[in-house]
Amino acid sequence: MKIVFLNPVGVIGGAERVLLTMLTALNTQPNIQLHLIVGTDGALIEQAEKLGVQVTLLKLPEEFNQLGDSAFKGNSKTIAIFILLLRVVKTLPSIGKYLREFKRSLRELKPDLIHSNGIKTHVLTALVGIKDVPIVWHIHDFYGSRPLIAQVLKWLSVGVARRRHRATLGIAISQAVAQDARNTLPCLPIEVIYNAIDVNYFSPAPLSLHLTLRVGLVATFARWKGHDIFLKAIGNIVRSHPHLNVHFYIIGGAIYQTRGSQFSEQELKNLASDIGITDKVDFLGFQQDIAEIYRWLDIVVHASTEPEPFGLAIIEAMACGKPVIVSQAGGATELFTHNYDAVGVPPGEPIALAAAILDLLDKTEKRQIISVNARLTATERFSHERLHQQILEVYTHANTFLRQKKSMNK
Ligand code: GLC
């Protein structure tokens with residue numbers, strides 16, 4: 001069985017880490033051949049090749065890469081649609097050429113199943129019109145909160161002009177995302193596969209004692225990841241407890257190209273300076289060996305201001321035996337039990353976040369108990385060991401759905 005995976009970008013964010021875990025899991029299975037097509041250059045290519053996966057880089061047109069629904073932020077709907085239409089029109093010639101190339105590559109590869117891992121490649125699969133091959137859309141986001149994208153995907157998932165080449169099945173990364181996908185894409189059957197991680201790589205280190213405790217936020221620089229909330233919480237802590245032996249870290253970077261969707265490092269540094277905490281917070285940038293970073297931190301903070309579809313960093317840190325403070329909304333709420341294996345806080349509230357950090361800093365024993373429980377939860381619920389079986393089951397369902405659809409259309 002040949003599976004062709006599609007990913008819009010070559011850089012490694014959460015969805016790409018999940019992709020690599022899936023490739024690793026499927027690679028161990030007999031009679032499975034894996035191929036990956038990516039839309040931009042980046043470390044994902046090398047990492048997938050290291051696993052023995054064949055990779056093709058089919059560079060997406062620059063204008064298409066920058067396309068997103070950010071025009072809707074801060075503009076009225078009419079203006080936003082107008083801006084977006086202009087951008088789409090600008091992409092048309094290059095995207096037409098790209099689609100022909102994309103279709104040719106897919107035909108040559110002769111996949112038994114196509115597994116698309118991002119919105120832009122979902123769109124491409126529907127536009128090229130591949131018949132009689134199951135198309136699985138892996139859904140990593142809440143499409144319902146992005147009305148334009150939801151509309152486009154809904155239209156495409158039903159099949160352009162009701163022809164047969166629509167998406168066959170959707171994989172949602174949490175129940176919350178599944179619920180949202182069922183509302184926005186009512187014609188697409190949705191199944192949930194919780195993200196998984198390699199719990200051998202993400203594993204705890206022996207207890208080490210250090211005087212200055214380290215609290216860190218690990219996330220890409222997407223604006224909704226709540227770096228601003230974290231910085232404000234730090235300000236609050238530093239003002240109320242000026243002599244506390246603690247240092248703060250921001251780990252990650254602005255890795256995507258979509259317009260207006262991310263903080264720049266300078267912007268965050270300016271905010272830290274405005275709050276007066278420049279000497280209390282360090283920016284460590286994107287880190288290759290992220291498990292090492294989790295192990296090095298004492299408390300991990302997740303501060304997303306919008307409902308988090310899943311929150312890979314949460315389970316990664318839990319698997320490393322770290323107490324995580326989780327912004328409690330969306331799929332993230334399904335990953336932990338408050339005060340048992342992590343601590344929940346309301347999203348977007350720096351004072352509540354500061355209080356939760358202070359509480360954990362103060363209570364060594366609570367940190368230790370949560371650490372042990374966190375590791376247990378991560379290995380029981382989010383281990384890579386169950387992944388290949390779940391994915392293969394979904395592929396079987398996708399094949400069945402496609403056969404049913406074909407016989408109905410006869
Ligand atoms: C997306 C989601 C994030 C999830 C990741 C991996 O980046 O926003 O919540 O953890 O995909 O599925």
Side-chain angles (χ1 to χ4, degrees), residues 5-25 42 44 47 68-70 115-122 136-146 149-150 153 170-181 184 190-198 202 217-227 251-258 261-263 286 290 294 300-319 324 326-336 342 344 347 378 381-382 384 387 390-391 394:
F5 280 86
L6 307 173
N7 200 65
V9 291
V11 290
I12 302 185
E16 289 69 33
R17 294 218 296 282
V18 172
L19 173 62
L20 285 167
T21 312
M22 286 194 288
L23 294 174
T24 312
L44 175 65
Q47 298 268 331
D69 49 8
S70 59
H115 189 142
S116 162
N117 199 47
I119 296 174
K120 282 174 185 156
T121 49
H122 298 349
V136 173
W137 284 0
H138 209 122
I139 304 175
H140 291 270
D141 297 289
F142 289 117
Y143 297 159
S145 57
R146 305 165 76 169
I149 283 174
L153 289 176
I171 298 176
I173 55 169
S174 63
Q175 297 295 347
V177 168
Q179 189 61 48
D180 175 78
T184 44
I190 305 287
E191 300 190 8
V192 175
I193 299 183
Y194 278 122
N195 286 334
I197 49 169
D198 180 343
F202 291 104
L217 176 94
V218 181
T220 65
F221 279 5
R223 290 190 168 267
W224 59 276
K225 290 285 182 182
H227 298 78
I251 299 104
I255 62 167
Y256 297 113
Q257 290 180 18
T258 317
S261 62
Q262 300 173 95
F263 287 116
F286 172 80
I290 195 66
Y294 290 124
V300 176
V301 170
H302 164 266
S304 295
T305 52
E306 287 174 24
E308 179 77 61
F310 184 88
L312 202 57
I314 301 167
I315 59 164
E316 290 173 346
M318 286 170 75
V324 190
V326 184
S327 177
Q328 217 164 355
T333 59
E334 298 164 38
L335 311 183
F336 73 102
R381 294 185 58 209
F382 303 112
H384 59 297
L387 196 58
Q390 286 180 312
I391 300 174
V394 163

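Just follow the structure's listing: the first ligand is 1, and inside any ligand the first atom is 1. Worth saying up front: this structure is predicted, and the values here are computed from it rather than measured.
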- prompt: Using heavy atoms and a threshold below 4.0 Å, how should the contact between Leu312 and ligand 1 be classified: side chain, backbone, both, or neither?
  reply: both
statement: Closest heavy-atom pair, Leu335 versus Phe382, reported as atoms and distance to 0.1 Å, is CD2-CZ, 3.7 Å
query: For ligand 1, is there an N or O atom under 3.5 Å from any N or O atom of Asn195?
result: yes
query: Which atoms of ligand 1 are found less than 4.0 Å from any heavy atom of His140?
result: 1 (C), 2 (C), 6 (C), 8 (O), 11 (O), 12 (O)
message: Checking the N or O distance criterion of under 3.5 Å, is ligand 1 in contact with Gly311?
response: yes
- prompt: In terms of ring plane angle, is the pair His227 and Phe221 parallel, tilted or perpendicular, where the classes change at 30° and 60°?
  reply: perpendicular
field: Per-atom contacts of ligand 1 with Phe310, taking only distances under 4.0 Å to non-hydrogen atoms
entry: 4 (C), 9 (O), 10 (O)
- request: Give yes or no for whether the N/O distance cutoff of 3.5 Å, strictly under, is met between Gly14 and ligand 1.
  value: no
query: If every non-hydrogen atom of Ala176 is compared with every non-hydrogen atom of Gly331, which pair is closest and at what distance?
result: CB-N, 3.6 Å
- prompt: Is there side-chain contact between Pro8 and Thr121, with at least one heavy-atom pair below 4.5 Å?
  reply: yes
query: His302 side chain to Ser327 main-chain N or O, any donor-acceptor pair under 3.5 Å?
result: yes
task: Check each atom of ligand 1 against the heavy atoms of Val18 and keep those under 4.0 Å away; list them by number with element.
output: 6 (C), 12 (O)
query: Does the side chain of Thr21 come within less than 4.5 Å of Ile197's, by heavy atoms?
result: no
query: Quick one: does Val18's side chain get under 4.5 Å of Phe310's, heavy atoms only?
result: no
query: Which one holds for Trp224 and ligand 1: side chain close, backbone close, both close, or neither close, with close meaning a heavy atom under 4.0 Å?
result: side chain
field: Gly13 near ligand 1 by a heavy-atom separation under 4.0 Å
entry: no
